[in-house]
Structure formats: C-alpha cells, structure tokens
Participant: 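Before anything else, here's the structure in question.
Source: prediction; values computed, not measured. Just so you know, ligand 1 is whichever comes first in the structure, and atom 1 is the first atom listed for that ligand. Residue indices begin at 1 and follow the sequence shown.
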Amino acid sequence: MSFSGQLFDNASPDGSGERLSEGAVLFHGRLSEQAEAILEAIRTVEREAPFRHLVTPGGHRMSVAMTSCGELGWMTDRKGYRYTASDPDSERPWPPMPTLLSDLAGSAAEDAGFPEYRPDACLINRYRPGAKLSLHQDKDEQDYSHPVVSFSLGLPATFLWGGFRRADKPKRLLLEHGDVLVWGGPDRLRYHGILPLPEGEHPLLGERRINLTFRKAG
Ligand code: MD6
Ligand code: FE
C-alpha cells in the first residue's frame, strides 16, 4: 500500500525512533527509566564543575547555565567558542564522563544508524523558565562526520529545527522528558535552538530542564 513505504521511511534503523530527516532520529521517552540515574551522574559532575553562565564573544551572559564532562568541555568567553581540556574556573581537567552517560549515548547513536560512536565531550545545559538558546550550528568540533546525541530531561521545551542558513525558517519540535535526539550526516550543520522555557513544575526536576549534548569534539 502506498503509505507502508512512508511508514518505513519515517522509522529509525532499529524501528524505535522517529526519523525527522535523513540524518536525524528522535526517540521519544527513551530515557524515562534511567532519568534518576542520569540525574545522579550529573550531580557527581556538578560537584566538581558547577553550572555557570558563560559569556559569548559578543559579551552577552547566556541565560542557560552550563557545565561539561569528558576529555573536552565546551566553553565560551570574550575570546570565542572552543573546547578545552580543563575547566577554566578550577583549572583542573573536566570531570570524567560517567560510563552510564557514554553508554546510553553510544547505544542511541547505534540505533539511529551511527555505530561505534565514542563521544569525548558532554555539554550539560540547565534551563530555568525564560532561559533560551538562540539559533546556532554546532561547528566547534574537528570532524563533522560524527553525530551529536542530545538527551532532554525535565520541563518540555520547543526546539527549533532549522536549515543550513540562519535565515531559513525553522520547524518547531517539542522535546520532552526522556527524549533522545541523534543527528549527524547531512543534517549535522543545521541551525537549531530552544525557545524561552515556559514556566512549569516537573515531578523530578521542578522548575528546570536539563539537556546533555554528546559530541566527538577532538
Ligand atoms: C538543547 N541542544 O536542546 C540544546 N545541538 O537544549 C542543542 O543545541 C543541540 O539538542 C546539537 C544537537 C542536538 C541538540
Ligand atoms: Fe547545538
């Protein structure tokens, strides 16, 4: 039947996700069972590397608070966006990436069609109501052949899924607690962002949304 081909095209290689385009798959609620263990892993990271509001090269304080774990951490200041091997606040290496996190990211990447994914950087974003992330490309990594894997926890947020030019009108997508988004291949350099987080109270996270993005940066 005519629609069966379409259903097939919209599934991820392992059938459990929704294919958004050629290189992008959304797995709804994939992390629901592991959410508390993931939050515990984040607490171990933030004890060593607390969340902080970074400053963009243009001098704006970001509304999203960030920290990192893994061999490399993403940061920005007046000098620009980059990855560093140590936390500039403590001058110590970034905390190691908890195995639970790298394993979950690796298996999601595999189910989306990117086997053998070994992220070396995990950026952790914390949103309170009103916090947003303007349209951007993830392009501070060395090699764009590796996908980005993103975990969402807590309050739902509207994700802007754009094109390859900043001016391309983005689609809107709701990212909810437990969702995993994997994107790479031909979609790797799409513009994307997060609309201001609406007020709300999540049973596990309260007035917060946490997003983790895994990359192979070095
Ligand atoms: C966020 N995410 O969801 C921000 N980047 O809070 C990102 O910037 C992002 O979700 C690359 C790939 C997936 C993402
Ligand atoms: Fe991004």
Participant: Using ring centroids (six-membered ring only for Trp), state whether Trp94 and Trp74 fall under 6.0 Å.
Facilitator: no
Participant: Checking contacts here: is it the side chain or the backbone of Val64 that comes within 4.0 Å of ligand 1, counting heavy atoms only? Could be both or neither.
Facilitator: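 The answer is neither.
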Participant: Strictly below 4.0 Å, N to O, side chains only: are Asp168 and Arg190 in salt-bridge contact?
Facilitator: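 Looking at Arg190 together with Asp168, the answer is no, because their closest N to O distance does not fall below 4.0 Å.
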Participant: Could you give me a count of protein N/O/S atoms that are under 2.8 Å from the Fe ion (ligand 2)?
Facilitator: 3
Participant: Might you confirm whether atom CD of Glu71 has over 12 heavy atoms from other residues, nucleotides or ligands at distances under 6.0 Å?
Facilitator: no
Participant: Relative to Tyr127, does Arg209 satisfy both conditions: NZ or CZ under 6.0 angstrom from the six-membered ring centre, and within 45 degrees of the ring's axis?
Facilitator: yes
Participant: Quick one, Ser68 and Tyr83 - any side-chain contact, counting heavy atoms below 4.5 Å?
Facilitator: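 With C-beta onward as the side chain, the pair stays apart.
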Participant: Among all the protein's non-hydrogen atoms, which is closest to atom 12 (C) of ligand 1, and how far away is it?
Facilitator: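 Scanning the protein heavy atoms, the shortest distance from atom 12 (C) of ligand 1 goes to Val148 CG1, 3.2 Å.
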Participant: Would you check if the distance from the ring center of Phe151 to the ring center of Phe214 is below 6.0 Å?
Facilitator: yes
Participant: Does any N or O of ligand 1 fall below 3.5 Å from an N or O anywhere on Ser152, backbone included?
Facilitator: no
Participant: Which of the numbered atoms in ligand 1 are below 4.0 angstrom from a heavy atom of His136?
Facilitator: 8 (O)
Participant: Do the two ring centres, one from Trp183 and one from Phe27, sit under 6.0 Å apart?
Facilitator: no
Participant: Show the atoms of ligand 1 that are less than 4.0 angstrom away from any heavy atom in Arg209.
Facilitator: 1 (C), 3 (O), 6 (O)
Participant: Checking a contact table here: which protein heavy atom is nearest atom 5 (N) of ligand 1, and how many Å away?
Facilitator: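 Nearest neighbour among protein heavy atoms for atom 5 (N) of ligand 1, to 0.1 Å: His192 NE2, 2.7 Å.
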Participant: Relative to the heavy atoms of Asp138, which atoms of ligand 1 are at a distance of less than 4.0 Å?
Facilitator: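 Every atom of ligand 1 under 4.0 Å from some heavy atom of Asp138: 5 (N), 11 (C).
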Participant: Could you tell me which atoms of ligand 1, counted from 1 in the order shown, lie closer than 4.0 angstrom to a heavy atom of Ser150?
Facilitator: 10 (O), 13 (C), 14 (C)
Participant: Evaluate the side-chain contact (heavy atoms from CB on, under 4.5 Å) criterion for residues Val25 and Leu181: first the C-alpha distance (whole Å), next the side-chain angles of each, then the deciding distance (0.1 Å), finally the verdict.
Facilitator: CA-CA 6 Å; Val25 179; Leu181 181 58; over 6 Å; no
Participant: Please list the nearest protein heavy atom to atom 2 (N) of ligand 1 with its residue and the distance rounded to 0.1 Å.
Facilitator: Asn211 OD1, 3.7 Å
Participant: Of all the atoms in ligand 1, which lie at a distance below 4.0 Å from a heavy atom belonging to Leu133?
Facilitator: 4 (C), 8 (O)
Participant: Closer than 4.0 angstrom, basic N to acidic O: yes or no for Asp138 and Arg215?
Facilitator: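 Result for this pair is yes, salt bridge flagged.
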Participant: Can you sort out which atoms of ligand 1 are near Tyr127, meaning under 4.0 Å from one of its heavy atoms?
Facilitator: 1 (C), 4 (C), 6 (O)
Participant: State plainly whether the residues Arg43 and Glu40 are in salt-bridge range, i.e. N to O under 4.0 Å.
Facilitator: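 Salt bridge flag = yes for Glu40 with Arg43.
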Participant: Taking Lys216 first and then Asp120, would you say they form a salt bridge - that is, a charged N and a carboxylate O separated by under 4.0 Å?
Facilitator: yes
